[in-house]
Amino acid sequence: MRKGFSFIICCILTVLLSSCSAAKTAPPQTVRFFCDFVATYGDLQLEGTVERLSVGTLTLSLSTPQSLSGMQLSWDGEKTTVAYRGLTYTMPSKLPQTAAVRLIAETLDDACKRSADGTWAKDGATFTGVVGDYGYRLQSDATSGTLLSLEVPDAAFSVRFFNTKTVS
């Protein structure tokens with residue numbers, strides 16, 4: 001009888017201990033996706049789509065504000081190409097670190113390297129880091145890894161991601 005009781009206690013402890021282990025989170029989906037976004041950048045409200053096919057690259061297509069609707073900014077890690085109303089211009093110098101397209105690309109690059117560093121909460125997985133002089137907080141769905149939001153407080157920049165589709 002004592003062996004049976006010990007066995008039952010061991011089984012109960014095993015179940016309890018396994019349920020207390022840290023919840024596993026999916027790494028944030030930082031490459032091979034496109035989605036819609038809404039961003040606040042200082043006093044400016046930006047809306048449009050994000051496309052990210054590989055590490056180091058990012059394309060933003062703007063729909064809001066109306067004055068920038070149709071503008072597309074592509075960052076390849078070194079240079080930016082701006083396309084607007086049939087005109088294309090490659091900027092001769094690197095964008096400032098606070099440029100929206102560069103902030104998003106560099107924080108996603110950093111999060112890609114540090115995806116095991118996330119913490120889980122009921123509203124998702126949170127990843128924090130520093131890119132250059134700016135700290136960031138990236139939140140993703142804990143189960144799927146789909147990006148939810150990005151905040152870069154020192155650059156007065158925040159963005160929400162939605163309608164995410166993966167690219168094969």
Subject >> Co-members of F162 in a cluster of I, L, V, M, F, W and Y side chains, linked at under 4.5 Å >> reply: V38
Subject >> Which residues share a side-chain hydrogen bond (donor to acceptor under 3.5 Å, both in side chains) with S54, sequence neighbours left out >> reply: T57
**OP:** With sequence neighbours excluded, tell me which residues meet salt bridge (Lys or Arg N to Asp or Glu O under 4.0 Å) with R32.
**Re:** none
Subject >> ILVMFWY cluster, F33 and V31 together (side-chain gap under 4.5 Å) >> reply: no
Subject >> Nearest-0.5 Å distance that lies between atom CG in D76 and atom CG in L58 >> reply: 11.0 Å
Subject >> Interatomic distance, Q29 atom CD to C35 atom SG [nearest 0.5 angstrom] >> reply: 9.0 Å
Subject >> T146: partners by side-chain hydrogen bond (donor to acceptor under 3.5 Å, both in side chains), with sequence neighbours left out >> reply: S144
**OP:** Under the salt bridge (Lys or Arg N to Asp or Glu O under 4.0 Å) rule, collect the residues that match up with K165, sequence neighbours excluded.
**Re:** none
Original post:
How many angstroms lie between atom CG of L108 and atom CG of L103, to the nearest 0.5 angstrom?
Top reply: 10.5 Å
**OP:** Identify, with sequence neighbours excluded, every residue that meets ring-ring contact (aromatic ring centres under 6.0 Å, His included) alongside Y41.
**Re:** F157
Subject >> Atom of A105, atom of W75 and distance for their closest heavy-atom approach >> reply: CB-CD1, 3.5 Å
**OP:** Calculate, to the nearest 0.5 Å, the distance between atoms CD and CZ belonging to Q139 and R160 respectively.
**Re:** 12.0 Å
Original post:
Could you give all pairs that pass the salt bridge (charged side-chain N to carboxylate O under 4.0 Å, His left out) test and reach residues 65-75, with sequence neighbours left out?
Top reply: none
Subject >> Shortest non-hydrogen contact from D110 toward G129 >> reply: OD2-CA, 4.0 Å
Original post:
How would you list all residue pairs meeting salt bridge (charged side-chain N to carboxylate O under 4.0 Å, His left out) that involve residues 133-147, not counting sequence neighbours?
Top reply: R137-E151
**OP:** Sequence neighbours left out, what passes salt bridge (Lys or Arg N to Asp or Glu O under 4.0 Å) with D154? Give chain and number order.
**Re:** none
**OP:** Looking only at non-hydrogen atoms, find the nearest pair between L44 and P65 and report the distance.
**Re:** CD1-CG, 4.1 Å
Original post:
Of all heavy-atom pairs between Y84 and S67, which one has the smallest distance, and what is that distance?
Top reply: OH-O, 3.0 Å
Subject >> Y134 side chain reached by T98 side chain, heavy atoms, under 4.5 Å >> reply: yes
Subject >> Pairwise side-chain contact, Q72 with V101, heavy-atom cut-off 4.5 Å (strictly under) >> reply: no
**OP:** Could you list the residues that satisfy side chain to side chain contact (heavy atoms under 4.5 Å, CB included) with T64, not counting sequence neighbours?
**Re:** E47
Subject >> Cluster overlap F34 with L62, hydrophobic side-chain contacts below 4.5 Å >> reply: no
Original post:
Taking all atoms of both residues into account, what is the closest heavy-atom pair of F161 and L147, and its distance?
Top reply: CB-O, 3.5 Å
**OP:** Tell me, please, which residues at least two apart from R102 pass salt bridge (Lys or Arg N to Asp or Glu O under 4.0 Å).
**Re:** E106
**OP:** Please check if L46 and Y136 belong to a single hydrophobic cluster, counting links between Ile, Leu, Val, Met, Phe, Trp and Tyr side chain heavy atoms closer than 4.5 Å.
**Re:** yes
**OP:** First locate atom CG of L73, then atom OH of Y89, and finally report the distance between them rounded to the nearest 0.5 Å.
**Re:** 13.0 Å
Original post:
Linking Ile, Leu, Val, Met, Phe, Trp and Tyr by side-chain heavy atoms under 4.5 Å, what else ends up with L87?
Top reply: none
Original post:
Can you tell me how far CG of L138 sits from OG1 of T30, rounded to the nearest 0.5 angstrom?
Top reply: 8.5 Å
**OP:** Would you check, one step at a time, whether the test side chain to side chain contact (heavy atoms under 4.5 Å, CB included) holds for E78 with K94?
**Re:** CA-CA 6 Å; E78 291 298 319; K94 204 167 187 174; 4.1 Å; yes
Original post:
Looking at side-chain heavy atoms only, is the closest gap between V131 and Q97 below 4.5 Å?
Top reply: yes
Subject >> Nearest heavy-atom neighbours spanning G145 and S140 >> reply: O-CB, 3.6 Å
